[in-house]
Amino acid sequence: MLLKNNTEILDLRGDEWQIDARVLKWRGMAVLIGFDTLYRLDRLSGRYRDITQERIGLRTVHSLSENKAWIYG
């Protein structure tokens, strides 16, 4: 559900949640010329602590990278 201020409400199943992200950390000359670390959130998923529930429970996974935008750190 998308609200008027671009806030989205997502349903997550399970006892825990996990955010997967990509991190682009520059080294060497790139750092010297001012390149910053970049982040991109990829997906949000629900998880279960109990292994049996994790195997048979309903899973929820939501994509967070539809616009493929990188965030400067």
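All heavy atoms count here, side chains included; hydrogens, waters and symmetry mates do not. By convention here, the first residue in the shown sequence is residue 1.
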Peer 1: Can you list the residues that meet the side-chain contact (heavy atoms from CB on, under 4.5 Å) rule with Ala21, with sequence neighbours excluded?
Peer 2: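 In terms of side-chain contact (heavy atoms from CB on, under 4.5 Å), with neighbours along the sequence ignored, Ala21 is linked to Leu41.
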
Peer 1: Consider only side-chain heavy atoms of I, L, V, M, F, W and Y, link residues closer than 4.5 Å, and tell whether Trp26 and Ile33 are in one cluster.
Peer 2: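 Trp26 clusters together with Ile33.
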
Peer 1: Using modelled atom types only, decide if a donor and an acceptor are shared between the side chain of Tyr48 and the backbone of Arg59 within a distance under 3.5 Å.
Peer 2: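 No; judged by distance alone, with no hydrogens or angles, the pair does not exist.
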
Peer 1: For His62 and Leu12, indicate whether the former's side chain and the latter's backbone hold a donor-acceptor pair under 3.5 Å.
Peer 2: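 It does not hold such a pair.
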
Peer 1: Looking only at heavy atoms, what is the nearest atom pair of Gln18 and Asp20, with distance?
Peer 2: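 Scanning both residues completely, I find the closest heavy atoms to be NE2-OD1, 2.7 Å.
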
Peer 1: Using 0.5 Å steps for rounding, measure from the CD atom of Glu16 to the CZ atom of Arg49.
Peer 2: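 Atom-to-atom, Glu16:CD and Arg49:CZ are 5.0 Å apart.
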
Peer 1: Just verifying a value: how many Å separate Asp36 CG and Leu38 CG, rounded to the nearest 0.5 Å?
Peer 2: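 Atom-to-atom, Asp36:CG and Leu38:CG are 7.5 Å apart.
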
Peer 1: How long is the span from the CG atom in Asp50 to the CZ atom in Arg55, to the nearest 0.5 Å?
Peer 2: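 That separation rounds to 9.5 Å.
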
Peer 1: Just how far is it from atom CG of Leu64 to atom CG of Leu10, taken to the nearest 0.5 Å?
Peer 2: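 CG of Leu10 is found 7.0 Å from CG of Leu64.
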
Peer 1: Check side-chain hydrogen bond (donor to acceptor under 3.5 Å, both in side chains) between Asp15 and all other residues, then give those that pass, not counting sequence neighbours.
Peer 2: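 Expected list: none.
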
Peer 1: Tell me every residue that passes side-chain hydrogen bond (donor to acceptor under 3.5 Å, both in side chains) with Arg13, counting only those two or more places apart in sequence or in another chain.
Peer 2: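 For Arg13, no residue satisfies side-chain hydrogen bond (donor to acceptor under 3.5 Å, both in side chains) once neighbours in sequence are set aside.
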
Peer 1: Lys25 and Thr37: which non-hydrogen atoms are nearest, and at how many Å?
Peer 2: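 Looks like CG-OG1, 3.8 Å.
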
